[in-house]
A.B. asks: 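The structure follows.
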Amino acid sequence: MTTTLWAVADLHAAVKANGPTIESIQPEDPSDWLIVAGDVAERTELIIHTLTTLRRRFAKVIWVPGNHELFSRSSDEARGYDKYYELVRLCREIDVVTPEDPYPVFDGTTIVPLFTLYDYSFRQPGTSVKESLKLAESKSIMMTDEVAIAPFVDVRAWCWDRLAYSIKRLSRIDGPTVLINHWPLVQEPTLRMRWPEVALWCGSKHTRMWPTRYQAQAVIYGHLHMPGEVEVDGVKHVEVSLGYPREWRRQLHTRQWPYPVLRTDKVLPVTDTWEAIR
């Protein structure tokens, strides 16, 4: 028996055409694990429904939020911090690992789900946040985050809180890791984007040294909808996004997806709550 740790991101389950592809996410062995690196959907009900479906198939599912999970409207009861922690609570009910839970270990490698957001620091040197946002707006580039997340929470402050929280937990890990985040941990992947201003909403420069500092065997991320691998400081950074139909249809025959992160021939423990959610 071989157990595989697979990874996907950016399922965008609200897009009808993505349904058959999401349905195709199946384990090769019942012992397989699955990483879901953010942007499952926007509505809480659909996020949890999709994760529940995947959890019924895989022995363990590890989820990190993306910006789409945080999208809210003024009429929503849970927004900003409240929506995130509501999703954490609901994920725990279906036995899905979140960034708030103990980190699982896959054959000696600690699998680390992170939630760090962005702080507009992926910007041109010598420019302020205000100047960079104004320049992006002048080019008609403005992410939905500015109307669906920013009105309900101070994103930069939340990002910095999450950075401090994550460092505290990461510092307790001994041995190799796989780091998972929706946003890339280094700026290099964003340099290939058609509109460089979009990088403002794509991460934080303060995570750059984490992969080497915390012995990452790989960094798994999504968000950019540009699946592929890049090596930075000797560490492999892998984007595992599905994206929208116009994007993934161009890539059907050029990549392996879901992405196999790690494999082992050892028997891994199965959680006690598996039967409860079948």
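Residue numbers count from 1 along this sequence.
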A.B. asks: If the threshold is 4.0 Å, N to carboxylate O, is there a salt bridge linking Arg79 and Asp76?
C.D. replies: no

A.B. asks: Keeping Ser171 on the side-chain end and Lys168 on the backbone end, is there a donor-acceptor pair under 3.5 Å?
C.D. replies: yes

A.B. asks: List for me each residue that meets salt bridge (charged side-chain N to carboxylate O under 4.0 Å, His left out) alongside Arg89, sequence neighbours excluded, and say none if there are none.
C.D. replies: Glu93

A.B. asks: Can you list everything that forms a salt bridge (charged side-chain N to carboxylate O under 4.0 Å, His left out) with Arg263? Sequence neighbours excluded, please.
C.D. replies: none

A.B. asks: So does Arg213 have more than 12 non-hydrogen atoms from other groups sitting under 6.0 Å from CZ?
C.D. replies: yes

A.B. asks: With sequence neighbours left out, what residues match Asp32 under side chain to side chain donor-acceptor pair (under 3.5 Å)?
C.D. replies: Trp6

A.B. asks: With sequence neighbours excluded, tell me which residues meet side chain to side chain donor-acceptor pair (under 3.5 Å) with Thr127.
C.D. replies: Ser132

A.B. asks: Can you tell me how far apart CG (Leu114) and OG1 (Thr207) are? Round to the nearest 0.5 Å.
C.D. replies: 9.0 Å

A.B. asks: If you measure from CG on Leu51 to CG on Leu11, what distance do you get to the nearest 0.5 Å?
C.D. replies: 8.5 Å

A.B. asks: Would you call the rings of His223 and His182 parallel, tilted or perpendicular, where under 30° means parallel and over 60° means perpendicular?
C.D. replies: perpendicular

A.B. asks: For Asn18 and Trp248, test the side chains for any donor-to-acceptor distance below 3.5 angstrom and give the result as yes or no.
C.D. replies: yes

A.B. asks: Does Trp33 have any ring pair (Phe, Tyr, Trp, His ring centres under 6.0 Å) partners at least two apart in sequence or in another chain, and if so, which?
C.D. replies: Phe106

A.B. asks: Please enumerate all residues that pass salt bridge (charged side-chain N to carboxylate O under 4.0 Å, His left out) together with Arg162, with sequence neighbours excluded.
C.D. replies: Glu100

A.B. asks: Please check if any side-chain donor atom of Thr2 sits under 3.5 Å from a side-chain acceptor atom of Asp265, or the reverse.
C.D. replies: yes

A.B. asks: Once side chain to side chain donor-acceptor pair (under 3.5 Å) is applied, do any residues pair with Thr264, and if so which ones, sequence neighbours excluded?
C.D. replies: Asp107

A.B. asks: List the residues meeting side chain to side chain donor-acceptor pair (under 3.5 Å) with Trp201, not counting sequence neighbours, and say none if there are none.
C.D. replies: Glu146

A.B. asks: How would you list all residue pairs meeting ring-ring contact (aromatic ring centres under 6.0 Å, His included) that involve residues 7-27, not counting sequence neighbours?
C.D. replies: His12-His68, His12-His225, His12-Tyr244

A.B. asks: What about Tyr120 and Tyr118, are their ring centers closer than 6.0 Å?
C.D. replies: yes

A.B. asks: Around Glu137, counting heavy atoms of other residues, nucleotides and ligands shown, do more than 12 lie under 6.0 Å from its CD?
C.D. replies: no

A.B. asks: Please enumerate all residues that pass ring pair (Phe, Tyr, Trp, His ring centres under 6.0 Å) together with Phe115, with sequence neighbours excluded.
C.D. replies: Tyr84, Trp158

A.B. asks: Please confirm whether the backbone N or O of Gln215 pairs with a side-chain atom of Gln217, one donor and one acceptor, at under 3.5 Å?
C.D. replies: yes

A.B. asks: Show me the pairs that pass salt bridge (charged side-chain N to carboxylate O under 4.0 Å, His left out) and involve residues 185-198, at least two apart or across chains.
C.D. replies: Lys139-Glu197, Glu188-Arg208

A.B. asks: Tell me whether the count of non-hydrogen atoms from other residues, nucleotides or ligands lying under 6.0 Å of NE2 in His206 goes above 12.
C.D. replies: yes

A.B. asks: Salt bridge or not for Glu69 and Arg43, using N-O below 4.0 Å?
C.D. replies: no

A.B. asks: Once rounded to the nearest 0.5 Å, what's the spacing between atom CG of Asn181 and atom OG of Ser204?
C.D. replies: 10.0 Å

A.B. asks: Is there a continuous path of hydrophobic side-chain contacts, each under 4.5 Å between heavy atoms, that joins Tyr165 to Val155?
C.D. replies: no

A.B. asks: Quick one: which residue pairs count as a salt bridge (charged side-chain N to carboxylate O under 4.0 Å, His left out) with a foot in residues 216-231, not counting sequence neighbours?
C.D. replies: none

A.B. asks: Atom CG in Asp119, atom CG in Leu200: separation rounded to 0.5 Å?
C.D. replies: 10.0 Å

A.B. asks: Is the number of heavy atoms from other residues, nucleotides or ligands under 6.0 Å of Glu77 CD greater than 12?
C.D. replies: no

